[in-house]
Amino acid sequence: MPNDSAFPTHASSPRASRAARLGASAALLLLGALGPSGCVAGADEEILGVATLPWGSYDLTSSYTGNIDDTRGWIIEWEVPELLNESTAWTAVGQWYYNIESGIYHTPEGWFVYYFGDDNGVAGNHPNCNNQWGSGGTCGGTLGGNLGYLQPGQQVVFRYERCTPAHVADVNGTRICLHVDMKDGTGWQFLAEDAPGTVEMYTHDVEHWATEGYVTPQFSCEAPIKMLRQELKTTSGVWQPMSGASTWSFNQVAPYAYQNRNLTASPSTWESCTPPPDGSGDGLRGEYFANTSLSGTPLVRTDPGVSFDWGEGSPAAGIPADNFSVRWTGEFEPRYSETYTLTTQSDDGVRVWVNGALVINNWTPHSPTEDSVTLSLVAGQRYDLKVEYFDSGGGALSRLYWSSPSQVREVIPQGRLHAAGASCSGVPAWASGQVYSPGAQVVQGGHLWAATQQIWWSNPDCPPSNPASWCPAEWTDLGSCN
Ligand SMILES: [Ca+2]
Ligand SMILES: [Ca+2]
């Protein structure tokens with residue numbers, strides 16, 4: 001892989017390996033008799049955006065699960081999407097490997113093609129391709145000419161196959177060549193790559209570097225990212241369409257979604273974009289604890305959903321990178337009356353309750369793992385949801401997906417989640433002249449509060465130094481009461 005300071009390096013292989021490690025378990029539980037509950041979402045808490053996704057998130061991924069060793073080539077054709085916003089993020093729409101990594105890329109300067117490969121002296125041998133990034137390079141972009149900026153709606157074909165002397169002099173078929181057809185009328189461009197024995201094959205439909213200071217790219221569903229055509233070359237040298245739902249596995253993270261997937265067609269195709277908000281929900285109440293036992297006074301915020309990959313980092317200020325726990329509470333609202341599969345992806349432990357019933361329980365330290373439950377749900381009803389999670393060391397990841405016969409798997413989106421308020425039932429009202437220990441909880445002004453310190457009736461620390469007065473500085477606000 002190249003490592004140029006002006007360009008983010010890619011780590012697709014470890015991510016693919018991690019996906020392969022994900023185990024899956026399923027349980028069947030019917031909750032058709034469950035009714036709606038009456039919780040009201042807290043509305044005054046901070047709403048966190050998708051910028052909480054880590055740098056280099058793969059928001060839409062699709063993986064080929066066939067036997068790559070049985071192939072001798074791959075053609076994949078994409079259409080450049082329309083970007084809805086003035087994104088400042090570096091974005092790959094379509095990034096794929098067939099030993100050589102390539103893709104369609106966007107920076108604030110526009111769309112272009114990039115590729116990485118071993119430099120055998122033929123990389124980027126087209127006047128409008130360069131090789132500024134290690135052994136790979138770009139075609140288009142600031143290079144201009146007839147391989148100038150790609151435009152929305154433009155189709156680009158990537159063709160990988162074993163090189164022949166017609167492509168590269170002095171080769172004997174042991175290298176893989178990448179040909180990129182930019183539909184510019186001047187023919188193919190190509191480069192060579194050694195050692196095809198380590199072939200990988202998968203795509204990331206949206207890989208973006210949206211993080212603090214960047215804007216998450218939004219793609220029009222009218223001019224979406226389109227994967228238009230795929231063909232595989234057999235060992236006997238025949239190109240044939242690539243199809244079959246079992247060939248690709250999909251994973252998507254809000255705000256992106258697949259639409260118009262046709263995986264049983266020949267060739268299989270799909271589109272992806274940023275759908276408009278669905279539902280009026282605000283997310284889930286998130287309580288973050290500086291221990292693995294969900295104890296003590298939490299940091300409280302509203303999360304747009306459960307979709308976090310914190311890596312080796314901390315989930316929030318004041319919370320350690322290891323040995324922390326999170327409780328998300330609220331309700332979720334299905335779109336359809338049918339059987340849903342709820343799936344958690346967690347590192348480490350996770351457990352999920354729906355309408356008070358424990359439906360997923362994997363409260364153990366583990367590497368990224370998937371757990372699922374099948375539920376019969378009714379459209380428009382609100383179901384109580386509680387997710388508890390802990391990280392005991394190393395990487396930390398927590399996601400909550402749903403899928404049904406009418407929708408592909410996605411993180412349960414913000415609009416379909418309704419954050420719980422604070423649970424104030426049985427908590428005493430604050431009273432003047434009382435002594436409160438650290439962590440003691442009271443209700444005051446319709447909010448739940450926890451004492452941040454020992455509070456004496458005569459405590460002089462909090463101006464205006466009236467011990468009989470309510471002093472917010474001595475308390476942590478845990479949100480408005482349910
Ligand atoms: Ca950790
Ligand atoms: Ca961990």
Side-chain angles (χ1 to χ4, degrees), residues 8-27 46 48-59 61 63 207-212 251-254 283-329 342-353 358-373 385-401 409 411-412:
T9 54
H10 297 62
S12 302
S13 298
R15 181 61 64 115
S17 299
R18 185 161 77 177
R21 285 205 311 273
L22 289 174
S25 63
E46 180 190 9
L48 298 178
V50 292
T52 51
L53 290 168
W55 190 88
S57 292
Y58 303 113
D59 299 312
T61 64
S63 302
E207 181 189 30
H208 71 74
W209 287 272
T211 183
E212 223 170 303
N251 181 42
Q252 65 184 26
V253 176
L284 292 171
R285 173 184 173 88
E287 299 170 301
Y288 290 74
F289 300 87
N291 53 66
T292 58
S293 57
L294 301 147
S295 58
T297 300
L299 178 152
V300 176
R301 69 187 196 189
T302 300
D303 286 329
V306 181
S307 179
F308 298 100
D309 183 351
W310 293 297
E312 304 279 336
S314 157
I319 304 296
D322 293 321
N323 295 310
F324 66 89
S325 53
V326 187
R327 179 187 292 122
W328 288 281
T329 51
L342 266 55
T343 301
T344 56
Q345 205 176 63
S346 70
D347 171 356
D348 293 90
V350 69
R351 52 195 180 197
V352 178
W353 289 260
L358 183 63
V359 296
I360 288 175
N361 187 7
N362 189 356
W363 199 248
T364 60
H366 54 248
S367 58
T369 301
E370 294 194 357
D371 295 281
S372 295
V373 61
L385 176 67
K386 179 168 73 172
V387 179
E388 292 182 344
Y389 160 84
F390 75 87
D391 172 53
S392 61
L397 175 154
S398 185
R399 291 196 171 113
L400 178 63
Y401 300 94
R409 186 166 107 161
V411 168
I412 302 179

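Side-chain atoms are counted along with the backbone in the values below, which use heavy atoms only and exclude waters and symmetry mates. Atoms within a ligand are numbered from 1 in the order they appear, just like the ligands themselves.
- Only one option out of N362, N361, T343 pairs with D371 in a side-chain hydrogen bond (donor to acceptor under 3.5 Å, both in side chains); it is N362.
- Take the Ca ion (ligand 2) and draw a sphere of radius 3.0 Å; the protein N/O/S atoms inside it number 5.
- Side-chain N or O atoms of S398 include none that pairs as donor or acceptor with a backbone N or O of F308 at under 3.5 Å.
- For S325, the side chain to side chain donor-acceptor pair (under 3.5 Å) test picks out no residue, with sequence neighbours left out.
- A donor atom on one side chain and an acceptor atom on the other are not found under 3.5 Å apart for T344 and S346.
- Taking every heavy atom of both residues into account, T292 and W363 meet most closely at O-CZ2, 4.0 Å.
- Annotation: side chain of D348 is not in contact with side chain of T364 (no heavy-atom distance under 4.5 Å).
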